[in-house]
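Lettering of chains follows the sequences in order, A, B, ..., and the numbering in each one begins at 1.
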2 protein chains.
Amino acid sequence: MNGRSPEPLVRNTGRRNEATILNAALQAFGTSGFNGASMRDVAKGAGTSLSNLYNYFPSKSKLLAAVLRHANGELQRRVAHAVDDAGNDAPSRLREAVRAHVGFVVDHQVATLVATNEVRYLDPADRTELVSHRDATQATFEHIVDQGAADGVFCTPYPGDAARAILGAVAAIASWYRQDGPLSRGQLAEQYARYALALLEGPLPR
Amino acid sequence: MNGRSPEPLVRNTGRRNEATILNAALQAFGTSGFNGASMRDVAKGAGTSLSNLYNYFPSKSKLLAAVLRHANGELQRRVAHAVDDAGNDAPSRLREAVRAHVGFVVDHQVATLVATNEVRYLDPADRTELVSHRDATQATFEHIVDQGAADGVFCTPYPGDAARAILGAVAAIASWYRQDGPLSRGQLAEQYARYALALLEGPLPR
DNA sequence: TGTGTACATGAATGGCCGTTCTCCTGAGCC
DNA sequence: GGCTCAGGAGAACGGCCATTCATGTACACA
């Protein structure tokens, strides 16, 4: 049951070909990097003409910004829902947040890689906006860590950087995970949830 | 005592300007990415002429390969020495390995970023070589984890991916650490060594 | 003194890139 | 029918890029 067809990141936007173009751009930027991929590549991938791209996005850089906004939004949505559905104690909340994050990384490996590697190519204004959105997601994790530290369930002497460490490990999954490898999506999420709790010196199941 | 002048990654190679060129290339690739940086940028950074670069390296791609070989070599050397100088038990060995790795990331942030983000732009042969070198460094960590698991000191039920998780967290430091921030190099290394031991569910000091 | 070799340079060359321009089509609406 | 407007296409333009070429200097060494 491992062979899910790779769900596109962007589904529907109201404009006829926008989603197709965004997904093609994601693929192109993921394969060759922002500077390595040309607008011609994106057009080819989207099955449209080079000039038509400019009917949707005013520049290559704004196209990247749009792709990253969709990726970030989807991640933020998944993590937020997971935390909302979890219990009130920090360990369960952290567990569900990590599981959701790992799920996103596995479902959208390319988007994760592009989001971490290509942000720097945005113009300053877009970069600032995107970084602040990313920081908001990170803050979700930091608040949970703070809560657990305050409650005394996370005993690490270094709670300040723990969220960053956890998120770094999770994001790195995107650079080695293979869908046809030995680990299922669920097993991987389970493992990393435990890694996170252990790193925080929190309560471990079993 | 935090303001160390950034030691260049490459020090001396026997050819007159090779080190200068390699360090300039590292800087250029780090700032703009492999495809975003031009050979003209590298030449300017090295204070030499565009065409002279080709007296040292046959192509831009081989130049990147040389940069990455130096970065990887330095990391591997530091980790190997640290492990050699450590005790024989897995926890001390892991602790020293992590401390050395964090030290490298802090001392050579740009090299770490380039090494993780730009490997994919090498031609296949160089990429294969570089990846196998990187895997060798990773294997050092994996062996320590295996040793600790066999000895019963690392109790994590998932020792198989733990090294990857730790290395992912450590590499991510390069994308947020600031020399003038609140954490010294040594404190950071200490923190991450503890994170690593905790993640493995190993013995914790104090 | 002559010869090879390492290092260095400025000027091409051919190609691709982002972007723009001009034009075309078809659907919705008066 | 006539108008608008979103969506679409091909051809061009100016610019930058990796690489090569022709040429020059200076030093080692026979």
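- With sequence neighbours excluded, no residue forms a salt bridge (Lys or Arg N to Asp or Glu O under 4.0 Å) with B:D85.
- The separation between B:R15 atom CZ and C:dT5 atom P is 14 Å, rounded to whole Å.
- Between A:D161 and A:R164 there is a salt bridge, with a side-chain nitrogen of the basic residue lying less than 4.0 Å from a carboxylate oxygen of the acidic one.
- Counting only heavy atoms from C-beta outward, the side chains of A:V114 and A:L64 approach each other to under 4.5 Å.
- On the nucleic acid side, DNA chain D contacts chain A at distances under 4.0 Å to non-hydrogen atoms, with the end points of that region at D:dG7 to D:dA12.
- Every salt bridge (Lys or Arg N to Asp or Glu O under 4.0 Å) that B:E190 has, sequence neighbours left out, goes to B:R95, B:R99.
- Side chains of A:L63 and A:M39 form a contact here, defined as non-hydrogen atoms less than 4.5 Å apart.
- Near DNA chain C, meaning a heavy atom under 4.0 Å from it, residues 41-51 of chain B has B:T48, B:S49, B:S51 in order of number.
- Taken to the nearest 0.5 Å, the CD atom of A:E142 stands 8.0 Å off from the CG atom of A:L167.
- For A:S61, the side-chain hydrogen bond (donor to acceptor under 3.5 Å, both in side chains) partners at least two apart in sequence or on another chain are A:D123.
- Here B:S49 pairs with nothing under the side-chain hydrogen bond (donor to acceptor under 3.5 Å, both in side chains) rule; sequence neighbours left out.
- Remark: side-chain polar atoms of B:K60 are paired, donor with acceptor, to backbone N or O of B:A37 under 3.5 angstrom.
- By the neighbour-count criterion of 12 heavy atoms within 6.0 Å, atom CG of B:N88 is sparsely surrounded, having that number or fewer from other residues, nucleotides or ligands.
- Looking at residues 118-127 of chain A, you'll see that no heavy atom sits under 4.0 Å from any atom of DNA chain C.
- For B:S92, the side-chain hydrogen bond (donor to acceptor under 3.5 Å, both in side chains) partners two or more places apart in sequence, or in a different chain, are B:D89.
- Residues of residues 52-70 of chain A that place a heavy atom closer than 4.0 Å to DNA chain D, in numerical order, are A:N52, A:N55, A:Y56.
- Side-chain contact annotation: B:S38 with B:D41, donor-acceptor N/O pair under 3.5 Å present.
- Applying the salt bridge (Lys or Arg N to Asp or Glu O under 4.0 Å) test to A:R78 and every residue at least two apart in sequence or in another chain returns A:E74, A:D107.
- Residues satisfying the salt bridge (Lys or Arg N to Asp or Glu O under 4.0 Å) test with A:R120, not counting sequence neighbours, are B:E118.
- For the pair A:R69 and A:E129, the salt-bridge criterion is met [side-chain N within less than 4.0 Å of a carboxylate O].
- Near-neighbour residues of DNA chain D inside residues 21-40 of chain B, defined by a heavy atom below 4.0 Å, number-ordered: B:A37, B:S38, B:M39, B:R40.
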